[in-house]
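The chains referred to below are lettered A, B, ... by the order of the sequence lines, with proteins before strands, and numbering in each begins at 1. These numbers were taken from a predicted model, which means no experiment stands behind them.
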2 protein chains.
Amino acid sequence: MRLSNLADYAVVIMCAASRHCGGGRVSAGELAAETGIPAPTVQKVVSKLTGASLMRSVRGAGGGLQLARPAAAISVADIVEAVEGPIALTACIEGPDCAMDHNCSVKPHWPKINNALRGALADISLTSLTRIEEIA
Amino acid sequence: MRLSNLADYAVVIMCAASRHCGGGRVSAGELAAETGIPAPTVQKVVSKLTGASLMRSVRGAGGGLQLARPAAAISVADIVEAVEGPIALTACIEGPDCAMDHNCSVKPHWPKINNALRGALADISLTSLTRIEEIA
DNA sequence: CGCAAATCGGAACGAATCAGTCCAATTTGC
DNA sequence: GCAAATTGGACTGATTCGTTCCGATTTGCG
């Protein structure tokens with residue numbers, strides 16, 4: 001019940017990138033300096049984010065990163081899924097690895113729980129995270 | 001965004017124990033045979049469950065396990081917290097390990113997300129998991 | 001009253017995933 | 001054409017998770 005540090009970093013990085021979205025492209029080193037995350041780690045997170053088409057990357061001198069979509073259209077659920085894969089609490093949903101399988105009475109109920117969690121995370125968008133005065 | 005196998009097993013074990021709750025005590029080996037989980041693993045999960053006062057254990061010959069509370073009063077959130085610790089997506093909530101600390105604009109919003117997730121899990125009780133006909 | 005069986009509890013080992021770091025490929029600007 | 005800058009992927013080390021085994025405790029029976 002605790003997401004990995006990579007996903008945590010991804011949220012912080014996306015939040016920092018949303019501020020520079022209007023200014024165009026931002027380099028990975030710039031994001032590392034602003035977030036305090038080690039530069040190589042930022043690169044790793046960014047690579048996953050671009051792979052999930054959440055960010056757009058421009059290579060070469062003067063290149064950098066920028067959000068692929070408006071900040072309002074990106075939710076925490078999207079970022080978490082991009083870094084940690086699909087939001088599924090149990091592995092038995094995808095493949096039949098559980099020995100019980102047919103006799104497991106709990107199995108049919110997991111999708112309901114997964115949807116509840118995903119919905120809770122989908123309600124949080126990047127704009128709501130940048131609004132620092134809306135905490136209380 | 002995926003809970004550990006231990007927590008998954010804990011939910012299945014608690015669900016299996018709830019059926020034997022009326023019959024009194026159940027041995028760990030019995031639960032292992034019904035759930036298909038390796039017996040030693042069941043013991044480990046049970047030890048954590050009893051430590052969290054979710055189950056009551058009786059040692060000695062003829063002993064066994066039983067639910068400490070009615071099944072309706074136990075939620076998935078309780079079981080997950082018992083096995084995996086408090087439901088907190090990020091570690092920065094408890095201790096100041098993040099270098100940003102004061103400048104992190106995302107930090108104040110995590111409790112809201114954590115509460116949303118915990119609420120989603122708290123709505124699922126053991127009785128709702130045993131009701132197999134209420135899936136759809 | 002002593003013995004034996006059965007059970008829970010904790011500790012140790014191995015494996016897998018995760019976090020962090022480094023180097024190579026590519027592209028733009030001069 | 002050259003050089004600088006940046007992304008992308010691959011490797012190493014560490015932490016945590018999962019599994020297994022052994023010991024301590026308690027009850028039932030002879």
task: With axes from five pairs an end, tell me the bend angle of the helix from C/dC1-D/dG30 to C/dC30-D/dG1, nearest 10°.
output: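 About 10°, once rounded to a multiple of 10°.
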- prompt: Do B/Glu34 and B/His20 have side-chain heavy atoms sitting under 4.5 Å apart?
  reply: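 When only atoms from C-beta onward are counted, B/His20 and B/Glu34 do touch, with a gap below 4.5 Å.
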query: Looking at side-chain heavy atoms only, is the closest gap between A/Leu49 and A/Met14 below 4.5 Å?
result: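 In short, these two side chains touch, coming nearer than 4.5 Å.
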query: Who pairs with A/Pro38 by side-chain contact (heavy atoms from CB on, under 4.5 Å), at least two apart in sequence or on another chain?
result: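 Partners of A/Pro38 under the side-chain contact (heavy atoms from CB on, under 4.5 Å) test: A/Pro40, A/Thr41.
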message: Run the side-chain contact (heavy atoms from CB on, under 4.5 Å) test against B/Thr50 and tell me which residues pass, sequence neighbours left out.
response: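 Once residues adjacent in sequence are excluded, the partners of B/Thr50 under the side-chain contact (heavy atoms from CB on, under 4.5 Å) criterion are B/Val46, B/Met55, B/Ser57, B/Leu65.
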Quick test: give all pairs of protein nitrogen or oxygen and nucleotides 14-22 of chain D nitrogen or oxygen below 3.5 Å, distance rounded to 0.1 Å.
residue: D/dG18; atom: OP1; partner: B/Asn5; partner atom: N; Å: 2.4

task: Pick base, sugar-phosphate or nothing for B/Gly29, based on heavy-atom distances below 4.0 Å to the nucleic acid.
output: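 B/Gly29: no heavy atom of the nucleic acid under 4.0 Å.
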task: Report yes if at least one side-chain N or O of A/Thr50 is closer than 4.0 Å to OP1 or OP2 of D/dG8; otherwise report no.
output: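 Checking A/Thr50 against D/dG8: at least one side-chain N or O falls below 4.0 Å of OP1 or OP2.
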- prompt: C/dT7 phosphate, OP1 or OP2: any side-chain N/O from B/Ser57 under 4.0 angstrom?
  reply: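 Indeed not, no polar side-chain atom of B/Ser57 lies that close.
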task: Determine, for nucleotides 25-30 of chain C in 5'-to-3' order, which nucleotides have protein heavy atoms under 4.0 Å from the base (write B), from only the sugar-phosphate (write S), or from neither (write -).
output: BSBB--
- prompt: With sequence neighbours left out, which residue pairs that include part of residues 72-88 of chain B fulfil the side-chain hydrogen bond (donor to acceptor under 3.5 Å, both in side chains) condition?
  reply: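 Checked against side-chain hydrogen bond (donor to acceptor under 3.5 Å, both in side chains) - neighbours excluded - the pairs reaching residues 72-88 of chain B are B/Ser4-B/Glu84, B/Ser75-B/Asp78, B/Glu81-B/Arg118.
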- prompt: What residues form a side-chain hydrogen bond (donor to acceptor under 3.5 Å, both in side chains) with A/Ser125, not counting sequence neighbours?
  reply: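 Only A/Thr127 meet the side-chain hydrogen bond (donor to acceptor under 3.5 Å, both in side chains) criterion with A/Ser125.
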query: Can you list every pair that meets salt bridge (Lys or Arg N to Asp or Glu O under 4.0 Å) and has a residue in residues 40-68 of chain B, with sequence neighbours left out?
result: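 Found none.
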